[in-house]
J.: 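Here it is, the structure, as structure tokens.
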Amino acid sequence: AQSVTQPDIHITVSEGASLELRCNYSYGATPYLFWYVQSPGQGLQLLLKYFSGDTLVQGIKGFEAEFKRSQSSFNLRKPSVHWSDAAEYFCAVGPLSGNTPLVFGKGTRLSVIA
Amino acid sequence: DGGITQSPKYLFRKEGQNVTLSCEQNLNHDAMYWYRQDPGQGLRLIYYSQIVNDFQKGDIAEGYSVSREKKESFPLTVTSAQKNPTAFYLCASSPRDRGQETQYFGPGTRLLVL
């Protein structure tokens, strides 16, 4: 069965520092991979997605992610974090076939300090 | 302005009461989903529907029911059989087209038990 692991429950970074959030997946075929961000009390917003092609994917808000098949990873990065990036981040994998639900990791909460 | 709307934003349930959460989308998406979110547990799938008049149970369907009579609407009923309904509920939808299977989320409904 497919699964997603986000090893870090909570990360704290200083404003202006670089960020990397880890995501590892287990999937039987070429996956579709997603990163979402959630601010407190809000829905999830899509940051970026990988379906095929270039393994380095650019997203909104200055985020990027790299698909590494050999490591079954899809880590999210940002070169310089802003205080407004404080939120919860979810990695997801899927679908097995058209419109089957995504499988989500448990999320990583990002705190940003001055 | 296309999107997914969920209402109400906050909902209160009394013991033994059924309550219905609304989810409407005007994105012309075929598939719709309901997730439950509890702190530290990520998103758990309750029900999903790939097409009108059809739906499938997710991982935690007990105590919940849904209907899909119209493409744009996928209401979720939390029944009295759901003993711990306090949570944040998220609705999502996705298009059917191959290579477009991205889930988009509504703003959520927070359900509280009185």
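Each chain gets a letter, A, B and so on, in the order its sequence line appears, and its residues count up from 1. Just so we're clear, the structure is a prediction, and the values are computed from it rather than from any experiment.
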J.: For B:Gln56, is it the side chain, the backbone, both, or neither that has a heavy atom closer than 4.5 Å to a heavy atom of chain A?
T.: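 Interface part for B:Gln56: neither.
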J.: Between A:Phe90 and B:Gln37, which heavy-atom pair has the shortest distance, and what is it?
T.: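 A:Phe90 and B:Gln37 have their closest heavy atoms at CZ-NE2, 3.3 Å.
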J.: Is the closest side-chain heavy-atom distance between B:Gln103 and A:Tyr36 below 4.5 Å?
T.: yes
J.: Heavy-atom distances under 4.5 Å only: say whether A:Gln38 touches chain B with side chain, backbone, both or neither.
T.: side chain
J.: Do other residues, nucleotides or ligands put more than 12 heavy atoms under 6.0 Å from B:Glu62 CD?
T.: no
J.: Consider only side-chain heavy atoms of I, L, V, M, F, W and Y, link residues closer than 4.5 Å, and tell whether B:Tyr48 and B:Val52 are in one cluster.
T.: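 Looking at the clustering, B:Val52 is in a separate group from B:Tyr48.
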J.: Do A:Leu47 and A:Tyr25 sit in the same hydrophobic cluster, where Ile, Leu, Val, Met, Phe, Trp and Tyr count as joined when their side-chain heavy atoms come under 4.5 Å apart?
T.: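 A:Leu47 and A:Tyr25: one cluster.
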J.: Mark yes when over 12 heavy atoms from residues, nucleotides or ligands other than B:Arg44 sit less than 6.0 Å from its CZ; otherwise mark no.
T.: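 Buried by this count: over 12 neighbours within 6.0 Å.
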J.: Which atoms form the tightest heavy-atom contact between B:Leu45 and A:Pro101, and what is the distance?
T.: CD2-CG, 3.4 Å
J.: Is chain B contacted by the side chain of A:Leu44, its backbone, both, or neither, given a heavy-atom distance below 4.5 Å?
T.: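 Both parts, backbone and side chain.
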J.: Using a cut-off of 6.0 Å, state whether more than 12 heavy atoms not belonging to A:Gln58 lie near its atom CD.
T.: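 Counting other residues, nucleotides and ligands, CD of A:Gln58 exceeds 12 neighbours.
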J.: So do B:Thr102 and A:Phe51 actually touch side chain to side chain, heavy atoms under 4.5 Å?
T.: yes
J.: Does CG in B:Leu114 sit with more than 12 non-hydrogen atoms of other residues, nucleotides or ligands closer than 6.0 Å?
T.: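 Counting other residues, nucleotides and ligands, CG of B:Leu114 exceeds 12 neighbours.
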